[in-house]
Amino acid sequence: MNCSLDSFIEGSSGNGEVQASGSASEAKSFSGYLVEVGYDGERKSAFIKFYDPNHNRIRVWYDNTGHLPYCYVKEGLDAVKSNEAVAKHPGLERLESAVKYDALRDVKVELTKIVAKDPLSIGGKPSGSIRDLVKAWEADIKYVENYIYDLSLKPGLPYVVKEDSIVESEFEIPEEAKQTVQDTIREREKEYVDLTLNWLKLLECPVPWYLRAALDIEVYSDVANRVPDPREAEYPVICASIVGNDGRSHIYLLEREGFEKKDLPSLNAEVQFYDDEKALLTEVFKRIEEYPFIITFNGDDFDLRYLYHRAERLQIPRETVPIELSKDSASLRRGVHIDLYKFFFNKSIQVYAFSQKYRENTLDEVAVSLIEEGKIEIQNPISQLTYQELAEYCLNDAELTLKLTTFNDDLVMKLITILARISYMGLGDVSRQGVSNWIKSMLYKAHRERNMLIPRSDDILSLKGITTTQAIIKGKKYKGAIVVEPVQGVHFKVSVLDFASLYPSIIKVWNLGYETVICPHEDPACRGNLVPGTPLWICKRNRALESLLIGTLRDLRVKWYKPKSKDPQLPEEKRKLYQVVQNALKVVLNASYGVFGAETFPLYCPPVAESTAAIGRYVITKTIEKARSLGVNVIYGDTDSIFLGNPERAQLEKLMEWSREELGLELEIDKEYRYVALSSRKKNYLGVYPDGNVDVKGLTGKKRHIPVFLKEAFSQLIGILSQVQSREDFEMAIEKIKGIVRKCYLDLKARRMPMEDLAFHVMISKTIEGYVKTTPQHVKAAQLLEGSGYEVKPGDIISFVKVLGDPGVKPVQLAVKEEIDVGKYLEYFTSTFEQVLDALGVDMEELMGGTKLEAFFGG
DNA sequence: ATCTATGGCAAGCCGA
DNA sequence: TCGGCTTGCCAT
C-alpha cells in the first residue's frame, strides 16, 4: 500500500525544532516499524512514530498541513441531523436496515476526527451546504486518531519510508504456513480465506529487537511510608537510575547535607553526583532521549509524572523536558513509553499470558514470580539511606523493570508487538488498555476497511434487545454454562475431552454477530435457524464481521500457531515466537465472547453473548447424550469439557468424529489421568497424571488466601495421593494421611509454627469505608491496621490471624502467638482436608476411627 | 477514557 | 437459630 507523506515533516531528533519540509528529503529514506500514531496536543498536529532498528531510534513524522483535525462544529451537525440523505448513506446497506442507523450521531463523533483537507473546513470551521458536507463526508471519511486507518498503516509492522511516501515492506508468508492454513481451514468463502492469509502475514512477520532502557526514580520524603504526590512534586528527586538493554547503566545521585560523598565502586553502573537537582534532572532527560523506548513500572502515575512536574517547579525549560502528560498516561515526545504496571495489571495478561504466576501487582511480586528476583529490602525510609544503599535500591528497581521485558527472549516486547498487530493499536496504547479496547479497535478497523458504518451502542440495543434466558445466579443478565453434577468417588483411567476454544468456535460456526442475530430478513432460512433453547434466530445470508474475525483468528491458533509452538523440529527461537503468538491469540479469543455481554463494550449485544452460551449448553448436552449412547461413563463436565471414566479408544474416536460431523466442532483429548478424585462439589477435583503430576482444581487447599500452614499440610496430602497407583494403594495412603493430620494437630496445639504461617491473606477490593453492607474479617483487620498508623488502599492484601475474643481477627503485625484461636484453625484444617477425603470415600471422623477429632486427640 | 462473561464454593455477617 | 446476602477466590 502506497501512502502519501506529502503533508508530513519529520521532527528532528535533537532540540525539538522542526525541520522544514523538503530539506529533510535525504533523512526521509529509511525503513522502520510503525509503533505509535496519535495527536500531539501542544503542537496541534497528528504524528506517526517509526522505530528504525538500523539506527535504533524513533523517527516522528508530524502532519504539517496546519488544518488537521478537530473541526467539530455544532451548527453543522444540527443541520445534518435533519437531512434524510444521511440516513440513506450507502454504507448502511450492509446493515440491511437491521440497525436503523442514526448516521448523524456518528457524524458528530467522527467529525471531530475528520481530516479537514476539503474546502468545507476553513480555519477549522465547516462551511457550505449540508449537501456538500454529506458529500464530502461520503467521499472522504478520514479518521484522525487513525492515520492508521486512513493510510492503512499497521502498528508493529515494518515500512520503507521514502522521499514522500511510505510503503509496506515486502514480506512473503512462508510457503509452509500458507499451505497448511489453506489446507486445513474448512471455510471456502473468498473473504474468509483472504482474511486468514492477511492475519498470517501480520503474525508471521518478524519482531525487531528494541533498544530500550528502564527508568526508576527515588524522591525525598519527610514522612516515612508516604509516597510523594507527583502533581505537587514538592520534594527533590534524590536518585534516578537508567538501565539500558545495550549494557549501559547510569545512576544519578543528589548530594545532600549530612551524607558523606564517596565512590561507589561496587555498583555495576556509572555513578554521578550532582549538587544541583536541576542539573541532575537535565542529565536524566538527556539520557532518556537517547533511548527509543523507556520502560517503567508505574511511570504513568509516578516516575514520569513526578519528573515533569518537578522540572516545572525547578523552571527547567520546557524544550529540555522530553515528557508529555495526559490524564492517565505519560508519553515521550520522541520515544515510546511503556508502563509495565498497567500491562501486568491487565487481568487477561495475568491469567492467559502468564497463567496467574503472579497474584499481586507490585514490582516485587511480579519480578519474583517471573524472573525469580525481588526488590531489595531496606530497613530505613528512603530518605535516610546512605548513598550506597539508595543507589543499590534504585538501580535494582530499574534492573528488575528492564528484565521484565528481556526475560525469556524479550517475551514481553514480542507479546506487545503481536497484540498491537492484532488490535491495530500502537505499542503504548495496547500495553495500557484492556482487552475490550483491543477488540473494539480490531472490529472498528474491519468496519472502516469495508466502508461499513459503525453502529451506535444504543441502536444495537434497541434493535436487538436484551436477553431471553434467566440466569442461574441472581443479578446476572442471562444463563451461562452447564456444570455436570460430579459422580463422587475415585475414578481410574479418566479421559478428558474438550472443545478447543469453544465459544470462539461457536461464534465462527454459528455466524454470530450483532448484524446476524435476529436479522431483519423474512427469509425462512434465517427465521428457521434457531438458537437452541431460545427464541433467537441467526442470519443465513450474510457473514457477521465478528464471526469472520474471531473465526479466522481461532483457526490460525488451532491449526497453525498452537501446533507449531510445540513442534520439536523448529529451532528454539522460532518455537518461542510461535508460543508468543499462540498466547496472544488466546488472550484475544478468550475475551472475544465476554465483551458482547459487557455494557461498556461499544458493540455490546446481549443476544450475541446469550446465544453463544446457549449454543454451548446445547453442544455439551448433546455430547454427553452421545457419549452415554455409546456406552461411555460420563463422570463430570464443565462448560466445554467432559470427563469420561475408563473409555475405550474406539469410543473416543467415534465421539470425536461425531462432533466434527454433527456439530462442526473439534472435540479433542485434552488430558488423560491415572485417576481422578471427585468430591460431591462442582468445580472441585483432583486429577493424577500417569507420571504422578497432579491437577488440583478449586479445592480450598490451593486457594491464595489460606494460611501457609494449611497449604503445606495440603501439599503433603497431595504428595501422598500422587503416589497412589491403584485402588489397593489407598489403604496405605490413608495411614500416611492420618500421620499428617496428627502432626498438624499437635503442631497447632503447641503453636509450633511461626505466626506468619497462620495468616490469611485476603485482598481488600474497596476502601475500608466502601464496605457498608457487611464488615468481613479482612476489613476488620484492615480497620485495626489503619488505627495503628498503616495506610490501607484498595488492592492491598490484608494478612490477618484468627484470635480469641472480639472481633476474632487481628492483623499479623499486631498479634501475639498466645491469642491465636486454635479451635478455629482446627476447623479450617478439617474442612480443607475433608474436601479431598470425601472424594476418597473417607470422612475425617472415620479416618480417626469413628471419633470426633477433638475426642480423638483428647482435646 | 476505563471495564470480557457466568457458575460454584466456603465462610462470615446480619436481620428476621 | 436460621437463611439470605456479601465477599473473595476459583473454574471454564
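We name chains A, B, ... by the order of the sequence lines, and we start the count at 1 in each one. The model shown is predicted, which means the values in this text are computed figures rather than measured ones.
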Sugar-phosphate or base contact per nucleotide [nucleotides 10-15 of chain B; S, B, -; heavy atom under 4.0 Å]: SSSSS-

Roughly how many Å is it from CG in A:Leu686 to C1' in B:dC9, rounded to a whole number? 17 Å

Sub-4.5 Å side-chain heavy-atom contact between A:Phe800 and A:Val762: yes

Residues in side chain to side chain donor-acceptor pair (under 3.5 Å) contact with A:Ser331, at least two apart in sequence or another chain: none

Just checking A:Ile473: base, sugar-phosphate only, or nothing, at a heavy-atom cut-off of under 4.0 Å? base

Round to the nearest Å and state the distance from A:Lys474 atom NZ to B:dT6 atom P. 16 Å

Checking A:Lys810 now: which residues fulfil side chain to side chain donor-acceptor pair (under 3.5 Å) with it, not counting sequence neighbours? A:Glu819

Determine the interplanar angle of the A:Phe344 and A:Phe354 rings, folded into 0 to 90°, and report it as parallel if under 30°, tilted if 30 to 60°, perpendicular if over 60°. tilted

Euclidean distance, atom CZ of residue A:Phe596 to atom P of B:dT6 [Å, nearest integer]: 15 Å

Give me the distance, rounded to whole Å, that separates B:dT4 from C:dA11 when you measure between the C1' atoms they each carry. 16 Å

Just the rounded figure in Å: distance from C1' of B:dT6 to CG of A:Asp640. 13 Å

Go through the structure and list residues passing ring-ring contact (aromatic ring centres under 6.0 Å, His included) with A:Phe709, not counting sequence neighbours. none

What residues form a side chain to side chain donor-acceptor pair (under 3.5 Å) with A:His778, not counting sequence neighbours? none

Can you list every pair that meets side chain to side chain donor-acceptor pair (under 3.5 Å) and has a residue in residues 595-609 of chain A, with sequence neighbours left out? A:Lys477-A:Glu599

Salt bridge (charged side-chain N to carboxylate O under 4.0 Å, His left out) with A:Lys508: which residues, sequence neighbours excluded? A:Glu187, A:Asp555

Taking 5' to 3' order, which nucleotide of DNA chain C is first and which is last to have an atom within less than 4.0 Å of a heavy atom in chain A? C:dC5 to C:dT12

With a non-hydrogen cut-off below 4.0 angstrom, is A:Asp498 in contact with a base, only sugar-phosphate, or nothing? nothing

Which residues satisfy the side chain to side chain contact (heavy atoms under 4.5 Å, CB included) test with A:Thr469, sequence neighbours excluded? A:Tyr478, A:Lys479, A:Thr534, A:Glu610, A:Arg617

Could you check whether A:Lys683 gets within reach of a base, just the sugar-phosphate, or nothing at all, counting any heavy atom under 4.0 Å? base

To the nearest angstrom, how far is A:Ile706 atom CD1 from B:dC9 atom P? 18 Å

Set of residues satisfying ring-ring contact (aromatic ring centres under 6.0 Å, His included) with respect to A:Tyr685, sequence neighbours excluded: A:Tyr636, A:Phe643

By side chain to side chain donor-acceptor pair (under 3.5 Å), which residues pair with A:His705, not counting sequence neighbours? none

Which whole-number value in Å describes the distance from A:Leu699 CG to B:dG8 C1'? 13 Å

Between A:Ser765 and A:Val696, whichever has its closest DNA chain C nucleotide further toward 5' is A:Ser765

Using the ring centroid of each side chain, check whether A:Tyr825 and A:Phe829 are separated by less than 6.0 Å. no

Would you classify A:Lys440 as touching base, sugar-phosphate or nothing, given that sugar-phosphate means primed atoms plus P, OP1 and OP2, and contacts are heavy atoms under 4.0 Å? nothing

Using nucleotides 3-5 of chain B, report all nitrogen or oxygen pairs with the protein that are shorter than 3.5 Å.
from, atom 1, to, atom 2, distance (Å)
B:dT4, OP2, A:Ser436, OG, 3.0
B:dT4, O2, A:Gly594, N, 3.4

Using heavy atoms to find the nearest nucleotide of DNA chain C for A:Phe643 and A:Ile797 separately, return the residue whose nucleotide is more 5′. A:Ile797

Could you give the OH-to-C1' distance, from A:Tyr685 to B:dC9, as a whole number of Å? 15 Å

Which is true for A:Ser641 with a 4.0 Å heavy-atom rule: it touches a base, it touches only sugar-phosphate, or it touches nothing? nothing

